[in-house]
A.B. asks: 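The following block contains the structure, expressed as structure tokens.
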Amino acid sequence: MVVLLLAGCGRRAAPPVPESGGTVRIAVFHPLDSPAPVAALDPTTTQLLEHVLPPLGRIDEIGNAKVYLARQIIDTGGSVEFTLRHVRWDDGQPVTPADFVLAATLLADPKGGERARVELLRAATAVNDSTLRLEYLTMYGRRLRHSLLAPVPSHLWTATQEPARWAPRLACGPYKVVGSAGDRLALVRNDVSGFPPARLDSVQVEVMSPDEAVRRFLHGSIDAIEDLPVTLVEKVRHHANVVALVGRSYVFMGWNLHDARFGMPVVRRAAAQAVDMQRILHDWTLGFGDPSRGPLVPAQAFADTNSVLPYDPAAAARALEAAGWIDSDRDGVRDRNGARLAFHLLVPDGDPLRAGIARCVSDDLKRVGIAAEVRMLSTRELLQRLQSRSFEAFMGQWYPDPGLDLDPVWRSDSGDRHNYVGYESPVADSLLTRMWHERSDEERADVLAHFQARVYADQPYLFLVEQPHFLVLARRIRGAEPNVISPYWNLPQWWIPRGERQR
């Protein structure tokens, strides 16, 4: 996990006293979800709505629970008890434990998007008008993380509502939603919640292309850009504060393990040794990325000490040769029993990072006699190929679940469509089962480390890089403290000096 300031790091005078007022305009590059309290939403929408419907608490970068709507958390093992802040909905009604009891009930609905959070919840109880108790069937390690629910306005609920689509549009946080569509989200300050007032009057989020975002940023009509592609960072870095957030996701090349060629571990490990990771980090992360060490990332509060295979194309060539993969017809591609190490590497169009890394991987593999032909497909067609397993290899990117729900991607018998490569490992399955029952921090760390090492050793993916997510901030924005968990972690504390605001 790395947070780096790329520009604007020179010595500055002490900052002035924060001032209230002004608007921040943020550019993003993917559709936004419509706010619905118990639906599974995209990361940007979720991170912004934390300041509209604050959860009881949040897990920080090192795995500690930080209070938010709760003012006290007591974890007794079998239950977690929360003392609530004195907070109000913006229609004047108080936030009560009943709002969290209802949230737990709605999350358990089969049509809900986050049912796993409450599957092991025995009971949600309002102890009194300010105390909530969540009792669990077992002391599993994700219990505390899963307990940090966001409230829903129980006084507006009726049984005719559909939980996953219910959108009451009330707020109890520093901001409230005043406009929402797939291409924009508008927040304004909510001064009646009981939280300290937000400093900005409003936050306007708009979906646009990266090129348009850069143009408007340089013109001064956009204040922040989330996740700017690395190919465009140089255009703004001398005019902005650019923060590289590393540890939220990773880029990989996925193998179809049902293809007999790639079912051989020696082929997958040789490919990993043939790729010059340092060159990829230099060329495609500006040197701010990290090598990916397996399926887990720092945003999951996992301290990774796993080593990676060294760049050693000579050793890769020797391993392939020893396994019978030789270039019998001297066409530059190794073959064995009539099978050739030549395949299509599928890449989504419109993603310059993955396309650029794919070309680097192809060039490196060619030097050891593996021919990977990069083929661009629309995102829709690529997804169809993955779901039907009609591919040889593909360039992917994962944002692992912060709550460590790894089963959908990595468990052999999950039947989930996200295990595109067809990974099966009894050892990994056993570790996944243990993850649900680990109790102490030490046990949890031990299981995670073994799982990380096991999957990396199997190389179902050619694990490549934890790429930086570049957050661009206009220098007039003060008080921002983005982190790997959320670029908007302390959004209510952002502010702009009165003399530097847009007209």
A.B. asks: With a 4.5 Å limit on heavy-atom distance, are the side chains of V188 and D201 in contact?
C.D. replies: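 Contact flag for V188/D201 side chains = no.
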A.B. asks: Considering all heavy atoms of both residues, which atom of A126 and which atom of V101 are nearest to each other, and what is their separation?
C.D. replies: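 What the structure gives for the nearest pair is N-CG2, 4.1 Å.
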A.B. asks: Tell me if a side-chain donor or acceptor on N256 pairs with a main-chain N or O of F391 at a distance below 3.5 Å.
C.D. replies: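 Yes: the side chain of N256 pairs with the backbone of F391.
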A.B. asks: Between Q467 and L353, is any pair of side-chain heavy atoms under 4.5 Å apart?
C.D. replies: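 The answer is yes; the side chains approach within 4.5 Å.
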A.B. asks: Under the criterion side chain to side chain contact (heavy atoms under 4.5 Å, CB included), I'd like the reasoning laid out for V127 against L132: C-alpha separation, chi angles, the key distance, then a yes or no.
C.D. replies: CA-CA 6 Å; V127 178; L132 170 73; over 6 Å; no
A.B. asks: Is it the case that over 12 heavy atoms from other parts of the model lie below 6.0 angstrom from the NE2 atom of H344?
C.D. replies: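 Count over threshold, so yes.
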A.B. asks: Checking side-chain hydrogen bond (donor to acceptor under 3.5 Å, both in side chains) for the pair D91/H155: CA distance, chi angles, key distance, verdict?
C.D. replies: CA-CA 11 Å; D91 64 356; H155 62 286; 2.8 Å; yes
A.B. asks: If you measure from CG on L48 to CD on E50, what distance do you get to the nearest 0.5 Å?
C.D. replies: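 The CD atom of E50 is 9.0 Å from CG of L48, to the nearest 0.5 Å.
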A.B. asks: Would you mind telling me which of T231, L232, V230 makes a side chain to side chain contact (heavy atoms under 4.5 Å, CB included) with P352?
C.D. replies: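 Answer after filtering T231, L232, V230: T231.
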A.B. asks: Before giving the answer on ring pair (Phe, Tyr, Trp, His ring centres under 6.0 Å), spell out for W255 and F343 the whole-Å C-alpha distance, their side-chain angles and the decisive distance to 0.1 Å.
C.D. replies: CA-CA 10 Å; W255 303 101; F343 58 92; 5.6 Å; yes
A.B. asks: Hey, is the main chain of Q72 close enough, under 3.5 Å, to the side chain of T83 for a donor-acceptor pair?
C.D. replies: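 Pair absent, no side-chain N/O of T83 close to backbone of Q72.
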A.B. asks: Could you go step by step and tell me if L187 and K176 meet the side chain to side chain contact (heavy atoms under 4.5 Å, CB included) rule?
C.D. replies: CA-CA 5 Å; L187 310 180; K176 60 183 177 180; over 6 Å; no
A.B. asks: Quickly, which of T46, L185, L53, V52 forms a side chain to side chain contact (heavy atoms under 4.5 Å, CB included) with P35? Name it, please.
C.D. replies: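 Only one of T46, L185, L53, V52 forms a side chain to side chain contact (heavy atoms under 4.5 Å, CB included) with P35, namely L185.
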A.B. asks: Find out whether R184 and V205 are in side-chain contact, i.e. whether some heavy atom of one side chain is under 4.5 Å from a heavy atom of the other.
C.D. replies: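 SC-SC contact between R184 and V205 ruled out.
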A.B. asks: Whether R268 and D458 form a salt bridge (side-chain N of Lys/Arg under 4.0 Å from carboxylate O of Asp/Glu) is what I want to check.
C.D. replies: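 So D458 does not pair with R268 through a salt bridge.
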A.B. asks: With the side chain counted from C-beta on, respond yes when L49 and L41 share a heavy-atom pair under 4.5 Å apart, and no when they do not.
C.D. replies: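 Yes; the side chains approach each other to less than 4.5 Å.
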A.B. asks: Could you tell me whether a side-chain N or O of R117 sits under 3.5 Å from a main-chain N or O of H146, the two making a donor and an acceptor?
C.D. replies: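 Indeed, once roles are kept as given, a pair shorter than 3.5 Å links the two residues.
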A.B. asks: Within the structure provided, determine whether L464 and I357 are in side-chain contact (heavy-atom separation under 4.5 Å).
C.D. replies: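 The answer is yes; the side chains approach within 4.5 Å.
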A.B. asks: Can you tell me if D33 uses its side chain to pair, donor with acceptor, with the backbone of D42 under 3.5 Å?
C.D. replies: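 Yes, the answer is positive, given that a donor and an acceptor are paired below the 3.5 Å cut-off.
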A.B. asks: W489 ring centre to R58 NZ or CZ under 6.0 Å, with the angle to the axis within 45°?
C.D. replies: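 Output yes; distance and angle both within limits.
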A.B. asks: Minimum heavy-atom separation for M395 and V251, please, with both atom names.
C.D. replies: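 Closest pair (atom of M395, atom of V251, distance): SD-CG1, 3.8 Å.
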A.B. asks: Can you tell me if N306 uses its side chain to pair, donor with acceptor, with the backbone of A453 under 3.5 Å?
C.D. replies: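 Flag not set: sc N306 to bb A453 has no pair under 3.5 Å.
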A.B. asks: Spell out, as yes or no, whether a donor-acceptor pair under 3.5 Å connects the side chain of Q387 to the backbone of Q384.
C.D. replies: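 No, the answer is negative, given that no donor and acceptor are paired below the 3.5 Å cut-off.
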A.B. asks: Kindly give the heavy-atom pair with the smallest separation between L121 and A104, and that separation in Å.
C.D. replies: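 Smallest heavy-atom distance, with atoms named: CD2-CB, 3.8 Å.
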A.B. asks: Looking only at atom types and distance, does a side-chain atom of S486 sit under 3.5 Å from a main-chain N or O of Y488, one as donor and one as acceptor?
C.D. replies: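 Yes, S486 side chain to Y488 backbone: donor-acceptor pair under 3.5 Å.
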A.B. asks: Kindly say whether the aromatic ring centers of F451 and F302 come within a distance under 6.0 Å.
C.D. replies: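 When the ring centroids of F451 and F302 are compared, they turn out to be at least 6.0 Å apart.
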A.B. asks: Working to the nearest 0.5 angstrom, can you tell me the gap between L296 CG and W398 CH2?
C.D. replies: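 Going from the CG atom of L296 to the CH2 atom of W398 covers 14.0 Å.
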A.B. asks: Between the side chains of T96 and D129, does any donor sit under 3.5 Å from an acceptor?
C.D. replies: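 Distance-only check fails for T96 and D129.
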A.B. asks: Which atom names give the shortest non-hydrogen contact between A272 and Q459, and what distance separates them?
C.D. replies: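 Closest heavy-atom pair between A272 and Q459: CB-OE1, 3.5 Å.
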A.B. asks: Hey, does E466 have a side-chain heavy atom less than 4.5 Å from the side chain of V297?
C.D. replies: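 Yes. Closest side-chain heavy atoms under 4.5 Å.
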A.B. asks: Decide yes or no on side-chain hydrogen bond (donor to acceptor under 3.5 Å, both in side chains) for S412 and D429, but give the supporting numbers first.
C.D. replies: CA-CA 7 Å; S412 304; D429 288 346; 2.8 Å; yes
A.B. asks: Flag the pair E392 and R385 as a salt bridge only when some basic side-chain nitrogen lies within less than 4.0 angstrom of an acidic carboxylate oxygen.
C.D. replies: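 Looking at R385 together with E392, the answer is no, because their closest N to O distance does not fall below 4.0 Å.
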A.B. asks: Could you label the plane-to-plane angle of the Y420 and H418 rings as parallel, tilted or perpendicular, counting under 30° as parallel and over 60° as perpendicular?
C.D. replies: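 Plane angle over 60°, so perpendicular.
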A.B. asks: Side-chain contact, heavy-atom cut-off 4.5 Å: E119 with L137?
C.D. replies: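 No, too far: nothing below the 4.5 Å cut-off.
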A.B. asks: Looking only at side chains, do S79 and T76 share a donor and an acceptor under 3.5 Å apart?
C.D. replies: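 The criterion, which ignores hydrogens and geometry beyond distance, is satisfied for T76 and S79.
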A.B. asks: Does N490 reach the main-chain N or O of E481 with its side chain, forming a donor-acceptor pair under 3.5 Å?
C.D. replies: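 Yes, N490 side chain to E481 backbone: donor-acceptor pair under 3.5 Å.
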A.B. asks: About how many Å separate CG of D90 and OG of S193, when rounded to the nearest 0.5 Å?
C.D. replies: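 The CG atom of D90 is 9.0 Å from OG of S193, to the nearest 0.5 Å.
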A.B. asks: List the atom of V484, the atom of G247, and the distance in Å for their closest heavy-atom pair.
C.D. replies: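 Heavy-atom minimum between the residues: CG2-C, 3.6 Å.
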A.B. asks: Any chance you could lay out the side chain to side chain contact (heavy atoms under 4.5 Å, CB included) test for L377 and F394, step after step, and finish with the verdict?
C.D. replies: CA-CA 10 Å; L377 296 179; F394 71 100; over 6 Å; no
A.B. asks: Could you measure the distance from the CZ atom of F100 to the OG1 atom of T105? Nearest 0.5 Å is fine.
C.D. replies: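 If we round to the nearest 0.5 Å, F100:CZ and T105:OG1 are 13.0 Å apart.
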A.B. asks: Measure the spacing between CG of L448 and CD of E443 and express it to the nearest 0.5 Å.
C.D. replies: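 If we round to the nearest 0.5 Å, L448:CG and E443:CD are 11.5 Å apart.
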A.B. asks: Would you give the length of the straight line joining atom CG of D223 to atom CG of L473, rounded to the nearest 0.5 angstrom?
C.D. replies: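 If I round to the nearest 0.5 Å, the distance is 9.5 Å.
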A.B. asks: Between T433 and R411, is the side-chain hydrogen bond (donor to acceptor under 3.5 Å, both in side chains) condition met? List the steps.
C.D. replies: CA-CA 9 Å; T433 299; R411 183 176 287 280; 3.2 Å; yes
A.B. asks: Does any donor atom in the side chain of S154 or D99 lie under 3.5 Å from an acceptor atom in the other side chain?
C.D. replies: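 Yes, a side-chain donor-acceptor pair sits under 3.5 Å.
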A.B. asks: Evaluate the side-chain proximity of R434 to D446: yes if any heavy-atom separation is below 4.5 Å, no if none is.
C.D. replies: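 They are in side-chain contact.
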A.B. asks: Dump the intermediate steps for side chain to side chain contact (heavy atoms under 4.5 Å, CB included) on M208 and I222, then the final yes or no.
C.D. replies: CA-CA 11 Å; M208 62 189 70; I222 287 292; 3.8 Å; yes
A.B. asks: Would you name the heavy atoms of P210 and F29 that are closest together and state the gap between them?
C.D. replies: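 That closest heavy-atom pairing would be CA-CE2, 3.4 Å.
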A.B. asks: Using the rule given for ring pair (Phe, Tyr, Trp, His ring centres under 6.0 Å), can you reason through Y399 versus H469, listing the C-alpha separation, both sets of side-chain angles and the distance that settles it, and then say yes or no?
C.D. replies: CA-CA 12 Å; Y399 288 77; H469 294 267; 5.4 Å; yes
A.B. asks: Can T131 and E81 be counted as having a side-chain donor-acceptor contact under 3.5 angstrom?
C.D. replies: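 No, E81 and T131 have no side-chain donor paired with an acceptor closer than 3.5 Å.
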A.B. asks: Below 30° counts as parallel, above 60° as perpendicular, anything between as tilted: where do the rings of F252 and Y461 land?
C.D. replies: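 The rings of F252 and Y461 lie parallel, inter-plane angle below 30°.
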A.B. asks: Would a distance-only check, ignoring hydrogens and angles, find a side-chain to backbone donor-acceptor pair under 3.5 Å from S221 to F217?
C.D. replies: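 No, S221 side chain to F217 backbone: no donor-acceptor pair under 3.5 Å.
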A.B. asks: Do the rings of Y423 and W410 sit parallel, tilted or perpendicular, given the 30° and 60° boundaries?
C.D. replies: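 Perpendicular, since the angle between the ring planes exceeds 60°.
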A.B. asks: When you measure from the side chain of R25 to the backbone of Q204, do you find a donor-acceptor pair of N or O atoms at a distance under 3.5 Å?
C.D. replies: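 No: the side chain of R25 does not pair with the backbone of Q204.
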